[in-house]
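Just so it is clear: chains get the letters A, B, ... in the order the sequence lines come, proteins before strands, and each one is counted from 1.
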Amino acid sequence: MFKHSIPFPQKHCFMLQVNFIRQNKERVINGLKVRNYSEEALSVIDKILEADDKRKITQTELDSNLAESNKLSKEIGGLFKQGKQAEATEMKAQVASLKIKNKALQESLAQIKTTLEENLLSVPNIPHPSVPAGNTEDDNEIYKAWEHDLPVLDDEALPHWELASKYNIFDLELGVKITGAGFPLYRNQGAKLQRALINFFLDEASAAGYEEIQPPLMVNADSARATGQLPDKEGQMYHITKDELYLIPTAEVPVTNIFRNVILQDNEFPIKLTGYTPCFRREAGSYGAHVRGLNRVHQFDKVEIVQIARPEKSYEVLETMLKHVGGLLDKLELPYRILRLCGGDLGFTSALTFDFEVYSAAQKRWLEVSSVSNFETYQSNRLKVRFKEDGKMHLAHTLNGSALALARIVAALLENNQTPEGIKIPKALQPYTKFEMIA
RNA sequence: GGAGGAAUGGCAGAGCUGGUUUAAUGCACUGGUCUUGAAAACCAGCGUGGUAGAAAUAUCACCGGGGGUUCGAAUCCCUCUUCCUCCGCCA
């Protein structure tokens with residue numbers, strides 16, 4: 001199988017980004033400060049610029065040497081044809097000495113590039129100007145609050161994990177037996193509810209013009225790096241070392257990688273894709289009451305929407321994605337709010353992220369069910385998703401969002417809709433579940 | 001899993017007895033001439049990235065990936081990956 005790991009990104013892959021850093025140094029540094037970078041950590045920027053300077057100098061010297069030896073080699077060929085053996089032999093010696101120099105130059109160039117790439121991979125995306133400063137989720141800004149009353153349940157109301165056993169709709173103990181903690185097993189009406197939600201979300205995405213994709217559930221390291229999961233989230237993914245593959249933490253990874261190394265034609269925009277996949281996350285270090293039940297699991301189902309857009313359109317696109325996700329929650333009749341993530345909570349690859357949280361009435365908590373982000377050119381620089389305009393190459397913008405993540409939606413639906421007679425299914429979902437009540 | 005064959009620019013396809021090839025040629029594409037318009041024909045252009053330069057331009061790297069032989073590699077050698085054919089196994 002795949003024992004190799006092609007060095008990624010490919011040769012010279014980062015140059016655009018270095019140039020960006022060079023031309024926008026202040027902006028980059030300010031951006032990293034929004035992400036709470038210390039002065040010491042900021043030194044990576046200077047390291048990058050220094051390494052790039054060295055790279056240019058070395059490259060120039062190597063190129064001129066190579067030009068020289070190419071020229072001499074051609075002349076040697078000519079001399080051989082004319083039968084001038086002695087002169088040819090003499091020139092060979094010249095080329096040989098150049099070659100020794102070139103070898104050294106090539107080695108140091110390779111080393112410089114490796115350092116440069118490592119440093120570049122460690123730099124996250126620059127936050128959008130609207131991203132608020134802050135360290136934790138408490139500093140996120142409420143972008144759109146829930147404007148109605150929150151549902152209030154009576155005192156006998158049960159959290160979803162107790163509803164699970166009451167109605168026999170999912171079973172965490174069985175998951176533990178079969179696999180381990182965090183792998184729920186859905187059954188009966190619970191399993192049907194899962195299937196109904198997936199189909200509902202996919203149909204809604206199709207109706208909104210997204211092409212449906214069913215991608216692989218494992219990806220290679222190149223793909224994981226291109227969308228930014230590696231090296232940043234190495235420990236969060238399940239890694240199959242024998243075959244050097246990773247279980248996907250989100251459909252974003254395989255779906256966005258469809259466009260790795262693709263040059264788009266103008267008429268291909270906008271690209272809108274959707275896909276349902278299970279998502280696998282190790283969630284190392286998360287234990288305790290707040291991760292009870294379906295609140296945080298290692299395997300959950302999610303329908304993802306992905307768009308690739310022209311740069312000047314990408315924030316418009318982001319808005320339409322927010323509307324799409326909001327529309328889904330409206331149809332499911334769930335109370336929700338939208339947060340604009342602060343610098344400290346913003347994902348490594350994202351420029352701007354909005355989180356959707358639904359209110360889970362029995363737990364009396366907000367649960368994150370969707371994250372909608374614009375990555376601007378951060379992913380496309382790694383992916384090499386480009387388009388040509390006026391004879392020049394430009395990086396496209398990539399965006400994605402959950403529409404939606406199931407486990408927590410299920411938690412909120414079960415809790416909020418519980419009645420003495422059973423759990424009511426929202427109208428929009430009834431054609432999919434083919435039942436109106438879990439009882 | 002075993003045996004054989006293959007991998008060249010958007011596509012097709014030459015080169016593969018190592019040296020004016022800066023990768024032929026065709027198709028597609030773009031611009032132009034012609035035409036009332038279109039087609040055809042003709043002319044020209046037509047990969048990605050790096051470096052130097054204000055630019056014109058020059059130069060370097062890339063013929064699946066990596067390494068090697070050589071003054072010189074698409075061409076020879078090693079290795080990995082993928083695809084095709086055949087055998088085996090299999091939902």
Side-chain angles (χ1 to χ4, degrees), chain A residues 1-23 48-117 120 214 216-223 225-226 240 242-245 257-268 377 380-396:
Chain A
M1 290 295 285
F2 328 94
K3 302 242 165 25
H4 82 303
S5 179
I6 299 166
F8 183 92
Q10 300 93 344
K11 290 161 193 144
H12 319 307
C13 183
F14 278 131
M15 296 317 132
L16 242 167
Q17 206 191 13
V18 178
N19 282 339
F20 179 84
I21 293 172
R22 192 180 292 282
Q23 287 157 19
I48 286 169
L49 295 179
E50 277 166 34
D52 191 48
D53 287 338
K54 254 202 253 174
R55 190 196 107 256
K56 284 183 184 176
I57 292 165
T58 313
Q59 180 88 60
T60 307
E61 192 181 347
L62 177 62
D63 280 359
S64 68
N65 279 1
L66 283 174
E68 177 73 11
S69 69
N70 282 348
K71 200 180 117 203
L72 289 174
S73 290
K74 264 181 200 164
E75 286 174 24
I76 290 171
L79 290 173
F80 269 119
K81 274 194 178 162
Q82 296 166 39
K84 296 177 180 171
Q85 304 286 340
E87 289 171 48
T89 311
E90 204 174 301
M91 284 184 97
K92 274 193 196 179
Q94 277 184 52
V95 181
S97 75
L98 267 177
K99 222 180 140 183
I100 293 165
K101 272 191 220 162
N102 288 346
K103 185 139 196 174
L105 281 171
Q106 262 158 353
E107 274 165 20
S108 83
L109 186 62
Q111 207 178 358
I112 291 164
K113 280 186 181 170
T114 306
T115 312
L116 185 60
E117 286 180 7
L120 279 166
Q214 215 177 84
L217 304 182
M218 297 186 200
V219 294
N220 57 34
D222 285 346
S223 294
R225 214 162 328 190
I240 296 145
K242 194 165 185 181
D243 298 306
E244 202 46 39
L245 296 172
N257 268 280
I258 293 170
F259 295 93
R260 175 147 48 93
N261 280 321
V262 167
I263 297 170
L264 295 163
Q265 302 302 313
D266 202 45
N267 59 15
E268 290 180 80
T377 58
S380 60
N381 181 48
R382 294 190 178 190
L383 286 156
K384 297 283 148 235
V385 192
R386 293 163 295 173
F387 64 96
K388 212 174 208 175
E389 193 169 70
D390 301 329
K392 276 189 180 174
M393 286 293 184
H394 303 277
L395 292 168

Integer angstrom distance from the [atom1] of [N] to that of [M]:
{"N": "B/rU75", "M": "B/rU8", "atom1": "C1'", "result": "11 Å"}
{"N": "B/rU59", "M": "B/rG2", "atom1": "P", "result": "49 Å"}
{"N": "B/rG15", "M": "B/rG64", "atom1": "P", "result": "15 Å"}
{"N": "B/rG13", "M": "B/rA23", "atom1": "C1'", "result": "12 Å"}
{"N": "B/rC76", "M": "B/rC63", "atom1": "C1'", "result": "16 Å"}
{"N": "B/rC16", "M": "B/rG37", "atom1": "P", "result": "48 Å"}
{"N": "B/rA28", "M": "B/rG67", "atom1": "C1'", "result": "37 Å"}
{"N": "B/rA38", "M": "B/rG49", "atom1": "C1'", "result": "40 Å"}

Between [options], which one does the side chain of [X] approach most closely?
{"X": "A/Ala67", "options": "B/rC71, B/rC60, B/rU51", "result": "B/rC60"}
{"X": "A/Leu66", "options": "B/rU48, B/rA61, B/rU51", "result": "B/rA61"}
{"X": "A/Arg55", "options": "B/rC71, B/rU51, B/rG49", "result": "B/rU51"}
{"X": "A/Lys103", "options": "B/rU51, B/rG68, B/rA61", "result": "B/rG68"}

Nearest-Å distance, [atom1] ([X]) to [atom2] ([N])?
{"X": "A/Asn261", "N": "B/rG64", "atom1": "CG", "atom2": "P", "result": "16 Å"}
{"X": "A/Ile263", "N": "B/rG9", "atom1": "CD1", "atom2": "P", "result": "13 Å"}
{"X": "A/Asn220", "N": "B/rC80", "atom1": "CG", "atom2": "P", "result": "19 Å"}
{"X": "A/Ile57", "N": "B/rC60", "atom1": "CD1", "atom2": "C1'", "result": "17 Å"}
{"X": "A/Asn102", "N": "B/rC71", "atom1": "CG", "atom2": "C1'", "result": "13 Å"}
{"X": "A/Lys54", "N": "B/rU51", "atom1": "NZ", "atom2": "C1'", "result": "18 Å"}
{"X": "A/Asp222", "N": "B/rU82", "atom1": "CG", "atom2": "P", "result": "13 Å"}
{"X": "A/Asp63", "N": "B/rC62", "atom1": "CG", "atom2": "P", "result": "11 Å"}

- Message: Reading RNA chain B from 5' onward, which residue's closest nucleotide shows up sooner: A/Lys74 or A/Lys56?
- Response: A/Lys74
- Query: Considering heavy-atom distances to RNA chain B, does A/Ser69 or A/Ser64 have its closest nucleotide positioned more toward the 5' end?
  - Reply: A/Ser64
Quick check for you: to the nearest 0.5 Å, what is the distance between [X] atom [atom1] and [Y] atom [atom2]?
{"X": "A/Glu117", "Y": "A/Lys113", "atom1": "CD", "atom2": "NZ", "answer": "8.0 Å"}
{"X": "A/Lys99", "Y": "A/Leu66", "atom1": "NZ", "atom2": "CG", "answer": "11.5 Å"}
{"X": "A/Leu105", "Y": "A/Ile57", "atom1": "CG", "atom2": "CD1", "answer": "12.0 Å"}
{"X": "A/Glu268", "Y": "A/Ile263", "atom1": "CD", "atom2": "CD1", "answer": "11.0 Å"}
{"X": "A/Met393", "Y": "A/Arg386", "atom1": "CE", "atom2": "CZ", "answer": "5.5 Å"}
{"X": "A/Leu62", "Y": "A/Lys103", "atom1": "CG", "atom2": "NZ", "answer": "13.0 Å"}

- Query: Does the side chain of A/Leu383 reach to within under 4.5 Å of the side chain of A/Asn261, using non-hydrogen atoms?
  - Reply: no
- Message: Measuring only between side-chain heavy atoms, which start at C-beta, is A/Asp222 closer than 4.5 Å to A/Arg260?
- Response: yes
- Secondary structure string for RNA chain B (Watson-Crick or G-U under 3.5 angstrom, | for other-strand pairs): ((((((((.[[[..)...(.....]]].(((((.......))))).((((((....)))))).[[[[[..)....]]]]])))))))....
- How is A/Leu72 classified with respect to the nucleic acid when contacts are heavy atoms under 4.0 Å: base, sugar-phosphate, or nothing? nothing
- Message: Using a heavy-atom cut-off of 4.0 Å across all strands, would you classify A/Lys388 as base, sugar-phosphate, or nothing?
- Response: sugar-phosphate
- Considering just the side-chain nitrogens and oxygens of A/Arg386, establish if one lies under 4.0 Å of OP1 or OP2 belonging to B/rU48. no
- Item | Distance-minimising heavy-atom pair for A/Ile48 and A/Leu116 | O-CD1, 3.4 Å
- Looking only at heavy atoms, which two atoms of A/Ile76 and A/Met91 are closest? And how far apart? CG1-CB, 3.8 Å
- Message: Under a plain distance cut-off of 3.5 Å, with no hydrogens placed, do A/Asn220 and A/Ser223 share a side-chain donor-acceptor pair?
- Response: yes
- Message: Can you pull out the residues from residues 87-99 of chain A that lie within a 4.0 Å heavy-atom distance of RNA chain B?
- Response: A/Lys92, A/Val95, A/Lys99
- Would you say the side chain of A/Asn70 and the base of B/rG72 hold a donor-acceptor pair, judged only by whether the two atoms sit under 3.5 Å apart? no
